[in-house]
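Bear in mind that the values here come from a model prediction, so they are computed numbers and not experimental data.
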Amino acid sequence: MNVLTARPTYAALAAFLAGDAVATAIPVPYVAANMDAMRVPARIRPAVPVVKAAAALGLASVFRYPAVARLTTGLLTLYFAVALGIHVRVRNQLANIIPPVVLLGVFAVMTARGPHPAPGGERAPGSAS
């Protein structure tokens, strides 16, 4: 089993995204400054934590609905590809570009491989083969 296909990895990334959603909703000064640097319009900012929270729920669904979790990783791949493009467009600092590059790669691999089968080798209901 690969660590990126393991269900605990999905759960850990769900927790990370849930925390990120909270940090974005508050907003934590660093997050607000980064959104300013990326020129995210004020009218879009309230939607960002909602999207992140929905992504966290989608990843957490891996235990019951692995196909939803896999769809979520595909959508997160797209999200981080767009985020990377925005970081590059505004010529953000390298330290701020590395996280979307890493997460883009992680979610792309997770999408390609899908979640690992449930214990005992059986896939959970609703999962793709």
Side-chain angles (χ1 to χ4, degrees):
M1 168 177 40
N2 183 312
V3 70
L4 292 181
T5 64
R7 290 164 186 250
T9 300
Y10 283 77
L13 287 169
F16 168 75
L17 282 174
D20 192 27
V22 170
T24 304
I26 291 175
V28 171
Y30 170 78
V31 174
N34 200 26
M35 291 181 93
D36 289 340
M38 292 188 306
R39 296 184 231 140
V40 176
R43 70 182 189 284
I44 293 175
R45 290 184 188 204
V48 176
V50 174
V51 169
K52 290 178 179 182
L57 288 172
L59 290 175
S61 75
V62 72
F63 298 100
R64 179 94 171 146
Y65 303 106
V68 172
R70 192 173 195 175
L71 173 64
T72 302
T73 61
L75 293 171
L76 283 165
T77 300
L78 177 62
Y79 175 89
F80 283 107
V82 170
L84 176 59
I86 292 170
H87 281 282
V88 170
R89 177 180 55 91
V90 300
R91 295 189 171 110
N92 211 335
Q93 298 174 2
L94 182 61
N96 293 331
I97 293 175
I98 291 172
V101 168
V102 170
L103 290 168
L104 171 63
V106 165
F107 288 119
V109 170
M110 290 174 79
T111 302
R113 295 188 178 173
H116 189 73
E122 295 179 23
R123 291 207 176 255
S127 68
S129 296

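Note that the CG atom of Asn96 and the CD1 atom of Ile86 stand 13.0 Å from one another [nearest 0.5 Å]. Rounding to the nearest 0.5 Å places OG1 of Thr9 at 11.0 Å from NE2 of His116. The structure places NE2 of His87 at 11.0 Å from CD of Gln93, a figure rounded to the nearest 0.5 Å.
Formation of a donor-acceptor pair under 3.5 Å by the Thr72 side chain with backbone atoms of Val68 is found in this model. Remark: the backbone N or O of Pro115 is not paired with any side-chain donor or acceptor of Arg7 at under 3.5 angstrom.
Sorted by first and then second residue, the ring-ring contact (aromatic ring centres under 6.0 Å, His included) pairs with a member in residues 22-50 form an empty list; sequence neighbours excluded. Applying the salt bridge (Lys or Arg N to Asp or Glu O under 4.0 Å) rule to pairs touching residues 12-26 yields Asp20-Lys52, sequence neighbours excluded. The salt bridge (Lys or Arg N to Asp or Glu O under 4.0 Å) contacts involving residues 76-94 comprise nothing, where partners must be two or more places apart or lie in separate chains. The salt bridge (Lys or Arg N to Asp or Glu O under 4.0 Å) analysis of residues 25-36, with sequence neighbours excluded, yields the pairs Asp36-Arg45.
Under a hydrophobic-cluster definition in which Ile, Leu, Val, Met, Phe, Trp and Tyr are linked whenever side-chain heavy atoms come within less than 4.5 Å, directly or via other members, Leu13 and Val31 are assigned to the same cluster. Residues Leu59 and Leu71 do not share a hydrophobic cluster, clusters being chains of Ile/Leu/Val/Met/Phe/Trp/Tyr side chains in contact below 4.5 Å. Leu84 and Met35 fall within a single hydrophobic cluster, where Ile, Leu, Val, Met, Phe, Trp and Tyr side chains are chained together by heavy-atom contacts under 4.5 Å. Hydrophobic clustering (ILVMFWY, side-chain heavy atoms < 4.5 Å, transitive): Leu57 and Tyr65 are in distinct clusters.
Among residues two or more places apart in sequence or in another chain, the side chain to side chain contact (heavy atoms under 4.5 Å, CB included) test is passed with Ile26 by Val22. Residues passing the side chain to side chain contact (heavy atoms under 4.5 Å, CB included) test with Pro41, sequence neighbours excluded: Arg43, Ile44. In this structure Ala112 satisfies the side chain to side chain contact (heavy atoms under 4.5 Å, CB included) test with no other residue, sequence neighbours excluded. A search for side chain to side chain contact (heavy atoms under 4.5 Å, CB included) contacts involving Val50 returns nothing, not counting sequence neighbours.
Residues Arg70 and Thr111 come closest through the heavy atom pair NE-O, 2.8 Å. Taking both residues in full, the closest heavy atoms of Thr5 and Tyr10 are given as O-CE1, 4.0 Å, listed atom of the first, atom of the second, then distance. Minimum interatomic distance between Leu4 and Met110 (heavy atoms only, all atoms of both residues): O-CG, 3.4 Å. Shortest non-hydrogen contact noted between Ala60 and Ala14 is N-CB, 3.9 Å. Of all non-hydrogen atoms in Ala21 and Pro49, the two that sit nearest each other are O-CB, 3.4 Å.
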Subject >> Step-by-step side chain to side chain contact (heavy atoms under 4.5 Å, CB included) determination, Phe16 to Leu103 >> reply: CA-CA 12 Å; Phe16 168 75; Leu103 290 168; 4.2 Å; yes
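Two residues are said to be in side-chain contact when any heavy atoms from C-beta on lie closer than 4.5 Å; Ile98 and Leu94 meet this criterion.
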May I have the list of side-chain donor-acceptor pairs in residues 74-82 shorter than 3.5 Å, sequence neighbours left out?
from  : atom 1 : to     : atom 2 : distance (Å)
Thr77 : OG1    : Thr73  : O      : 2.8
Thr77 : OG1    : Phe107 : O      : 3.2
Thr77 : OG1    : Ala108 : N      : 3.2

